[in-house]
Protein chains: 2
Amino acid sequence: MTPPTETKTPARATTTATTKTTKTPAQATKAVTLLDVATRAGVDRSVVSRVLRDDPRLNIREETRERVLEAVRALDYRPNALARSLRTRRADTYGLLIPDFGNPVYASIIQGAESAAIARDCVLMTGSVGAGAEQAAHHLDVIGRGRVDGLLLAGDHTDRAQLDELDRRGIPWLLVNRRLPRARRWVVLDDEEAAGLAVRHLIGLGHERIAHVAGPRDADTARRRMRGWRTAMRAAGLATPARAVVVSDYTPEGGARATRELLARAERPTAVLVANVAAAIGTLSAAAEAGVRVPEELSVVAVHDLPLAAVLRPALTTVRTPLERLGARAIELLASTAPDAPIEEVVDGELELVERASTAPPAASS
Amino acid sequence: MTPPTETKTPARATTTATTKTTKTPAQATKAVTLLDVATRAGVDRSVVSRVLRDDPRLNIREETRERVLEAVRALDYRPNALARSLRTRRADTYGLLIPDFGNPVYASIIQGAESAAIARDCVLMTGSVGAGAEQAAHHLDVIGRGRVDGLLLAGDHTDRAQLDELDRRGIPWLLVNRRLPRARRWVVLDDEEAAGLAVRHLIGLGHERIAHVAGPRDADTARRRMRGWRTAMRAAGLATPARAVVVSDYTPEGGARATRELLARAERPTAVLVANVAAAIGTLSAAAEAGVRVPEELSVVAVHDLPLAAVLRPALTTVRTPLERLGARAIELLASTAPDAPIEEVVDGELELVERASTAPPAASS
DNA sequence: CTGAAAGCGCTTACAG
DNA sequence: CTGAAAGCGCTTACAG
């Protein structure tokens, strides 16, 4: 009705460009809103909203619905997620906390979680906590501000106090790939079976002195893989002396260090199960450095497969684990389970021994 | 004033638990709101808000301010980020799109961007687009719904049409580690210099036949590294024939394939610059497979350093690049630059040749 | 069968 | 110096 007033700004022209003109088409790109769509379609905002969310309690003439959808298309309307979330009290966002983006094992978990989140029309926010506890604090703080509907906790930087804090704030959480005492919400892989599979492969090749480069003492995965090693050894009547085990972390450097220690011991093993593929890279490196030939003098097998494993020298035999499925399953469980209900799940199936060049029968020499 | 009414629900007791009781302390964990804090402190909500954001236009008695802060602490109040964002029209969130979480080069970029976002009290949302274009579409769609204040685009899945779409929606974007024709907002590393540094290292060792395992033809980084290789070669009076170049992608498998091709050619090089560290892993693998000893028969150097490089056999000589700084700088530029202003920045300094075991003088045999 | 209204939890110009 | 009010863009019980 009222035509755009030509605002003449005489003397007091300032540098600020925020003169409120009545719509300047090219500029400003003011976001299209529900009201814009409603106006164009000649209906109320609420009708547009209901059409878009397919409200079953909405009986509308097909013709009107068409008009609404046409307006949505014409204006390329995209509902504002923040406004929607404020109203519905659902952020449609899940958080995932990992130790470090550089760890390729977590890459697969992230990938799985991301796909599952997308499949639910949600968004995944992944943060790393690294070495610095202050980064973890930041993430927990942010998360407390209503930005996520739930939080996946992978990696070792979670303690009981943090879980209590999340409980207090009413934010559902789920431990991924690890457990914690008194925390009855977790989803993990069958680490024990993965380790067992690797050991049985070595035993099948004829090995008897099979060492274990284990993960960190306080890591839940490490304990379960160690148990798998021990159980499989005993089942075959083989000894599991303390000297056959050396503790490492899940990095190449750690694996190298641990392997050096192992190779320096009196009675050298003919084979070794490394608890983690990244550490196993270090094992190969340490063996080469010590002049120990793999697989002739030392067979090496590791838990978790990676594209990288195929391209190492020698190519690394691994146990493939469903890491991506673990991430996806974690989102599904988090999204579909009541916040106070326990979740205790071992992701099933899909363990597979990927035989490459790093394992072979022991040399006849012994 | 009115005491909690004891609601006796006689006959029509249903299963639903949402009987509106006047505060049930233990249960429900209703989020603390601004009003709760205001009520406890005996002031208006607006005062609390201003105290918390340190509004300079607020003159308040020190005593009152104390009371407010005390209430905030006592209730452990955390402002709702969604409500705040809706009002201020700032999501305090930046997006980052990468091709693949499994690529360790991007891990460093993410890490840098994450730290920078945290430093600005913002949140980073990282999504991967992988092979599937539909995942990219999902992310772009989500981003169009007001969830981010700006978007970092790393990786090759961006085309001009997507940028136009973002422009239309008024979402500031910035290309990271790549450029695109007619897209004047990017931040990159000094790829040319990085490649040059590597080549000069090889030349310094006495090499003359220096091949190049290049990146993908359409990758901007690949072109710049190739130019660096060529320029450094010519500056030393060395030839850069077409047969000295072989195209690869930035994966170990691709690097292995390309290197096999290179080694099969008539006149074998004594050294090779691999455009990317991941591809160089494949180069080592292919060399070993072909019985070509590194570095005795072939020196190998790659762009980008990784912890992994130190633990390969032989340990890989690399050019360390400030990837983390690239990610951090990208966030800073995105946050501090007007959406329509051009950004064309080469992250400066910090290139360093990390000499390990994969490079040595050429064998005297030639 | 459709519209008007209230409200999610904030921030911020505006009164008093 | 502090409070009341409007409004960000949605959704959803409630009227008519």
Side-chain angles (χ1 to χ4, degrees), chain A residues 18 20 28-68 71-72 75 77-92 121 144-147 149 169-170, chain B residues 16 18 20 28-39 41-68 71-72 75 77-92 142 144-147 149 169-170:
Chain A
T18 40
K20 215 175 202 169
T29 333
K30 267 285 246 170
V32 175
T33 179
L34 208 46
L35 187 56
D36 300 326
V37 179
T39 307
R40 183 178 231 264
V43 299
D44 188 84
R45 288 138 79 213
S46 56
V47 175
V48 179
S49 176
R50 277 126 137 189
V51 166
L52 284 178
R53 3 214 92 273
D54 265 326
D55 186 339
R57 281 192 300 295
L58 172 66
N59 294 3
I60 196 180
R61 273 199 308 267
E62 193 50 38
E63 174 193 318
T64 315
R65 176 191 301 273
E66 263 318 317
R67 221 164 356 113
V68 168
V72 165
L75 298 173
Y77 169 67
R78 218 69 62 100
N80 182 304
L82 268 26
R84 165 154 221 275
S85 289
L86 181 58
R87 186 55 232 245
T88 60
R89 306 173 152 290
R90 301 188 56 242
D92 288 329
D121 257 312
R145 298 166 121 87
R147 281 176 178 273
D149 299 322
R169 298 208 164 273
Chain B
T16 146
T18 39
K20 212 172 200 170
T29 334
K30 268 284 248 171
V32 175
T33 180
L34 208 46
L35 187 58
D36 299 327
V37 178
T39 306
V43 296
D44 187 82
R45 286 138 79 215
S46 57
V47 175
V48 179
S49 176
R50 276 122 138 191
V51 165
L52 285 179
R53 7 213 88 272
D54 263 326
D55 186 339
R57 283 191 301 294
L58 172 67
N59 295 3
I60 197 180
R61 273 198 309 267
E62 193 51 38
E63 176 193 318
T64 315
R65 175 191 303 273
E66 262 319 317
R67 215 156 10 102
V68 169
V72 166
L75 299 174
Y77 169 68
R78 218 69 61 102
N80 181 304
L82 267 26
R84 164 153 221 276
S85 288
L86 181 59
R87 184 59 231 242
T88 61
R89 305 174 150 293
R90 301 189 57 242
D92 289 329
V142 158
R145 298 165 121 88
R147 281 177 178 271
D149 299 321
R169 300 210 163 271

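Each chain gets a letter, A, B and so on, in the order the sequences are listed, and its residues count up from 1.
- Rounded to whole Å, atom P of C/dA4 lies 12 Å from atom CG of A/Leu35.
- Using a 4.5 Å cut-off on side-chain heavy atoms (C-beta onward), A/Arg84 and A/Asp92 make contact.
- What separates CG of A/Leu86 from P of C/dT11 is a distance of 12 Å, to the nearest Å.
- In a base pair of the Watson-Crick type (N1 to N3 plus N6-O4 or O6-N4) or a G-U wobble (N1-O2 and O6-N3), with each distance short of 3.5 Å, C/dT2 is matched with D/dA15.
- Counting any heavy atom pair closer than 4.0 Å across all strands shown, A/Arg84 reaches sugar-phosphate atoms only and no base atom.
- Nearest-nucleotide positions on DNA chain D place B/Ile60 closer to the 5' end than the other of B/Ala83 and B/Ile60.
- For B/Arg89 and C/dA13, the CZ to P distance is 14 Å, given to the nearest whole Å.
- Per the geometry, CG belonging to B/Leu82 stands 10 Å off C1' belonging to C/dC8, to the nearest Å.
- Using a distance-only test at 3.5 Å, with no hydrogens or angles considered, no donor-acceptor pair links the side chain of A/Asp149 to the main chain of A/Arg90.
- Side-chain N or O atoms of A/Arg67 include one that pairs as donor or acceptor with a backbone N or O of A/Ala41 at under 3.5 Å.
- Distances were taken from every side-chain heavy atom of B/Arg57 (C-beta onward) to each of D/dC8, D/dT12, C/dA13; the shortest belongs to C/dA13.
- A donor-acceptor contact closer than 3.5 angstrom is absent between the side chains of A/Arg53 and A/Ser49.
- For D/dG3, its base sits under 3.5 Å from the side chain of B/Arg50 at one donor and acceptor pair at least.
- Between B/Gly42 and B/Thr88, the one whose closest nucleotide on DNA chain D sits nearer the 5' end is B/Gly42.
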